[in-house]
Amino acid sequence: MSLLIDYFSAPDDTTAAQALTSPDERSMIIEGRRIEPTVSLAVLEGLLGGRQFEEILDDDQSYATVAISDTAEAFVIRLGERFEDLLLANDQSHLEATAPYWATAEEMEGARPADLVEFLTELQGLVTRSRDAGEHVYCLMGL
């Protein structure tokens, strides 16, 4: 059984929560591969010059869970604005320079830096398009 991880855009938490019951209603979806937000992106946030890992996890606004399925097998997480701001503030060359370090993190075992750069480029584009549309970025995770 594999874990579904998709990043998508929605105008608010209530709309994003509907992804649990109507996943086809999501907009601007990118496949998250094995990169989940609460640990993998928190590690990246620290590498990009954000905050310390523990501080990120303790922040209620970072990677907040907005919905959990009745069976607790799926949930929706909102990416924090701080992470989105940090991601948008970094250009392609900095993302490329950071990816090899991110790939060495325990949570990223087996990840190839080139694949991480591709994901980050897609995620950066999703954040840009979402903000242009007045929306936020969320992650749907489930079994």
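Worth saying up front: this structure is predicted, and the values here are computed from it rather than measured.
Here the side chains of Thr38 and Ile77 are in contact, with some heavy-atom distance below 4.5 Å. Considering only heavy atoms from C-beta on, Leu123 stays 4.5 Å or farther from Ile35 through its side chain. Asp6 is listed as a side-chain neighbour of Glu31, based on a closest heavy-atom distance under 4.5 Å. Using a 4.5 Å heavy-atom cutoff, the side chains of Val117 and Trp102 are not in contact. Using a 4.5 Å heavy-atom threshold, the side chains of Asp115 and Arg33 count as separate. For the pair Leu120 and Leu44, the minimum side-chain heavy-atom distance is below 4.5 Å. Contact annotation: the side chain of Cys139 never approaches that of Val76 to less than 4.5 Å [non-hydrogen atoms, C-beta and beyond]. Counting heavy atoms from C-beta outward, Met28 and Glu135 have side chains that approach closer than 4.5 Å.
No more than 12 heavy-atom neighbours from other residues, nucleotides or ligands sit within 6.0 angstrom of CG on Asp70. Atom CD of Glu55 has more than 12 neighbouring heavy atoms from other residues, nucleotides or ligands inside a 6.0 Å radius.
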Stepwise, does the side chain to side chain donor-acceptor pair (under 3.5 Å) test hold for Glu45 with Tyr63?
CA-CA 11 Å; Glu45 184 174 339; Tyr63 317 107; 2.8 Å; yes
Take Thr98 and Glu96 through the test side chain to side chain donor-acceptor pair (under 3.5 Å) and record every step on the way to the result. CA-CA 5 Å; Thr98 303; Glu96 290 171 1; over 6 Å; no
Worksheet item: Between Asp13 and Arg78, does a salt bridge (charged side-chain N to carboxylate O under 4.0 Å, His left out) hold up when you go through it step by step?
Response: CA-CA 8 Å; Asp13 292 354; Arg78 179 180 6 93; 2.9 Å; yes
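Atom CG of Leu95 sits about 5.0 Å away from atom CD of Gln124, to the nearest 0.5 Å.
Contact between Val137 and Ser130 at its shortest, heavy atoms only, is CG2-OG, 3.5 Å.
Side chains of Ser40 and Glu107: no donor on one and acceptor on the other come within 3.5 Å.
When atom types are taken as modelled, the side chain of Arg129 and the backbone of Gly125 share a donor-acceptor pair closer than 3.5 angstrom.
Proximity of the aromatic rings of Phe119 and Tyr7 is defined here by a centroid distance below 6.0 angstrom, and this criterion is met.
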